[in-house]
K.L.:
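Here it is: the structure, laid out below.
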Protein chains: 2
Amino acid sequence: MPARDTDPPTPRKRADAERNKQALLEAAAAAFVDSGVNAPVRDIAVRAGVGVGTIYRHFPARADLIVAVYRHQVQSCAQAAPALLANSPTPHDALTAWIDLFVDFLVTKHGLAEAMHSDAAAFEPLHAYFLDHLLPAVTLLLDAAVDAGQVDPIDPLTLLQGVGNLCIGASADSRYNPRRLAAILIRGLRTTPV
Amino acid sequence: MPARDTDPPTPRKRADAERNKQALLEAAAAAFVDSGVNAPVRDIAVRAGVGVGTIYRHFPARADLIVAVYRHQVQSCAQAAPALLANSPTPHDALTAWIDLFVDFLVTKHGLAEAMHSDAAAFEPLHAYFLDHLLPAVTLLLDAAVDAGQVDPIDPLTLLQGVGNLCIGASADSRYNPRRLAAILIRGLRTTPV
DNA sequence: AAACGATACGGAACATCGTTCCGTTTGCCA
DNA sequence: TGGCAAACGGAACGATGTTCCGTATCGTTT
């Protein structure tokens with residue numbers, strides 16, 4: 001808990017502004033569930049009972065809104081890594097379990113995995129936020145597994161993006177099984193027993 | 001060469017129509033190289049020196065244009081499968097080699113892998129075309145590898161889509177290495193030697 | 001060769017996005 | 001209560017895919 005009462009070098013926001021921001025977060029979360037993270041801005045505005053201008057004041061880029069909605073889930077995914085490492089039989093098991101967590105998170109957020117790959121500048125903050133939080137997590141697990149001689153070295157970023165990519169289109173096609181694929185990928189990482 | 005002189009249950013197209021269709025194919029191919037398969041329709045029209053209406057007459061859905069441009073490459077990729085199977089030391093090697101071919105094809109066509117996952121109805125023909133031609137190829141290789149006891153069974157569609165997914169965003173980020181990931185995935189398919 | 005009907009053309013027009021802008025409203029403090 | 005900075009709403013803009021229809025062109029028929 002940061003700073004109990006004295007905090008405001010920032011002049012303190014107006015009450016209606018704060019109210020609208022919360023309404024927007026809830027509206028966006030609902031819209032994302034119904035229509036995916038690419039839900040039209042106007043829809044979100046209507047759900048929240050505000051004008052579109054208000055969205056852009058609170059969340060200058062579309063990605064900022066997405067980040068705000070999923071912030072907590074990304075954080076808890078990242079924070080799970082050390083615990084998994086401590087409680088799993090082997091580092092490779094921990095890595096597998098964490099990837100499961102990550103995949104579960106992504107496949108339930110329609111369009112999130114896709115959005116991660118938009119080259120549009122508006123999505124750069126999203127990209128950055130995910131990388132900032134999740135890259136350390138994979139790196140931790142990967143390093144441990146490599147040190148244990150269980151997996152061959154690989155660029156953590158490539159692995160993270162690869163798994164993210166595998167989750168694309170998961171909700172659109174029921175025959176497609178990203179969890180299985182991610183598990184196979186991690187399996188393929190193992191060092192060949194000589 | 002099909003039917004030398006009698007062929008036309010189709011009344012034979014006008015010369016200008018045929019000319020425009022070819023111009024469009026070349027213009028689209030060029031635009032795809034420069035801007036990816038999502039190059040704006042208007043750009044393609046300008047390059048070809050035609051109006052946008054002409055595009056939609058020849059290629060009712062955007063996907064039809066993409067299919068037309070890449071038809072030959074998809075076919076040769078598919079046709080390579082039997083030869084690889086015959087000339088490789090093991091079915092698993094053939095599968096690996098074919099996946100390499102497939103990945104190389106996809107990563108050099110900016111945006112193609114992404115387009116494969118558009119849920120838009122306009123892209124359904126593209127999806128269908130790829131599946132029609134490439135699914136038999138993977139299935140052949142996969143079955144052979146499974147029969148040889150080299151790999152665990154997996155839904156060929158899932159594998160194909162998974163590898164396709166791994167190729168997304170390859171050209172946008174030089175640190176990302178889809179070839180490596182695809183190889184690891186195929187590696188992960190191998191049966192565990194007891 | 002001229003005329004005519006079918007075919008194909010071009011690009012304006014429409015719908016849907018994200019995003020910006022600015023006149024108007026509203027909360028807050030003096 | 002008055003005033004002003006903060007925040008608001010939604011019209012307007014630009015980009016995009018797609019449709020539509022009046023016009024031009026081709027190929028054939030007279």
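Quick note on labels: first sequence line is chain A, next is B, and so on, each numbered from 1. Keep in mind that this is a model prediction, so the values were computed, not measured.
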K.L.:
Taking the minimum atom-to-atom distance to the side chain of A/T54, which one of C/dT20, C/dA8, D/dC8 wins?
P.N.:
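The answer is D/dC8, which lies nearest to the side chain.
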K.L.:
Are the side chain of A/D64 and the backbone N or O of A/A61 linked by a donor-acceptor pair below 3.5 Å?
P.N.:
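Such a contact is found between A/D64 side chain and A/A61 backbone.
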K.L.:
Reading DNA chain C from 5' onward, which residue's closest nucleotide shows up sooner: A/R19 or B/V50?
P.N.:
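Nearest nucleotide further toward 5': that of B/V50.
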K.L.:
Output yes when B/D34 and B/R47 qualify as a salt bridge under the 4.0 Å nitrogen-oxygen rule, no when they do not.
P.N.:
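Salt bridge: yes.
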K.L.:
Taking atom C1' of C/dG11 as reference, at what distance in whole Å does atom CD1 of B/I55 sit?
P.N.:
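Going from CD1 in B/I55 over to C1' in C/dG11 covers 12 Å.
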K.L.:
Can you check the B/F123 CZ to D/dT16 C1' distance for me, whole Å?
P.N.:
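Distance, rounded to whole Å: 12 Å.
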K.L.:
Answer yes when B/R180 and A/D152 have at least one side-chain N-carboxylate O distance shorter than 4.0 Å, and no when they do not.
P.N.:
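A/D152 and B/R180: not salt-bridged.
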K.L.:
I need the CG-P distance between A/L24 and D/dA7, as an integer number of Å.
P.N.:
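The answer, rounded to whole Å, is 14 Å.
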K.L.:
Just compare D/dA11, C/dC9, C/dG27 and give me whichever is closest to any side-chain atom of A/V52.
P.N.:
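Of the candidates, D/dA11 comes closest.
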K.L.:
Measure from OH on B/Y56 to P on C/dG11 and round the result to the nearest Å.
P.N.:
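Whole-Å distance recorded here is 16 Å.
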K.L.:
Pick base, sugar-phosphate or nothing for A/A122, based on heavy-atom distances below 4.0 Å to the nucleic acid.
P.N.:
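If one applies the 4.0 Å heavy-atom cut-off, A/A122 turns out to touch the sugar-phosphate alone, with no base involved.
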K.L.:
For C/dT19 and A/R62 - does any side-chain N or O of the residue sit under 4.0 Å from the phosphate oxygens OP1/OP2?
P.N.:
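A/R62 to C/dT19 OP1/OP2: no side-chain N or O under 4.0 Å.
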K.L.:
A/D64 has an atom CG; how far is it from atom P of C/dG18, in whole Å?
P.N.:
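Distance, rounded to whole Å: 15 Å.
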K.L.:
Is the base of D/dA6 touched by the side chain of A/R14 through a donor-acceptor pair closer than 3.5 angstrom?
P.N.:
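In this structure, the two groups form a donor-acceptor pair.
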K.L.:
So for A/R42 and C/dG18, does any side-chain atom that can act as donor or acceptor lie under 3.5 Å from a complementary atom in the base?
P.N.:
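Flag set: donor-acceptor pair detected.
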K.L.:
Can you measure A/R57 atom CZ to C/dT26 atom P for me and round it to whole angstrom units?
P.N.:
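Value for this atom pair: 14 Å.
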K.L.:
Start with the C-alpha gap between B/V138 and B/L157, add the side-chain angles, then the distance that decides, and say whether side-chain contact (heavy atoms from CB on, under 4.5 Å) holds.
P.N.:
CA-CA 8 Å; B/V138 237; B/L157 177 64; over 6 Å; no
K.L.:
Look at the side-chain N and O atoms of B/N20 and state whether any lies under 4.0 Å from the OP1 or OP2 oxygen of C/dC9.
P.N.:
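Answer is yes, contact under 4.0 Å.
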K.L.:
Using a cut-off of less than 4.0 Å, is there contact between a side-chain N or O of B/H58 and OP1 or OP2 of C/dA8?
P.N.:
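Result: no.
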K.L.:
Just the rounded figure in Å: distance from P of C/dT16 to CG of A/N38.
P.N.:
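Whole-Å distance recorded here is 17 Å.
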K.L.:
Give a yes or no answer on whether the side chain of A/S88 reaches the backbone of A/L85 with a donor-acceptor pair at less than 3.5 Å.
P.N.:
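No; judged by distance alone, with no hydrogens or angles, the pair does not exist.
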K.L.:
Expressed as a whole number of angstroms, how long is the span from A/D16:CG to D/dA5:C1'?
P.N.:
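Interatomic distance, CG of A/D16 to C1' of D/dA5: 12 Å.
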K.L.:
Just to be sure I understand the rule, does B/A15 reach a base, reach only the sugar-phosphate, or reach nothing, if contact means heavy atoms closer than 4.0 Å?
P.N.:
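Result for B/A15 = sugar-phosphate.
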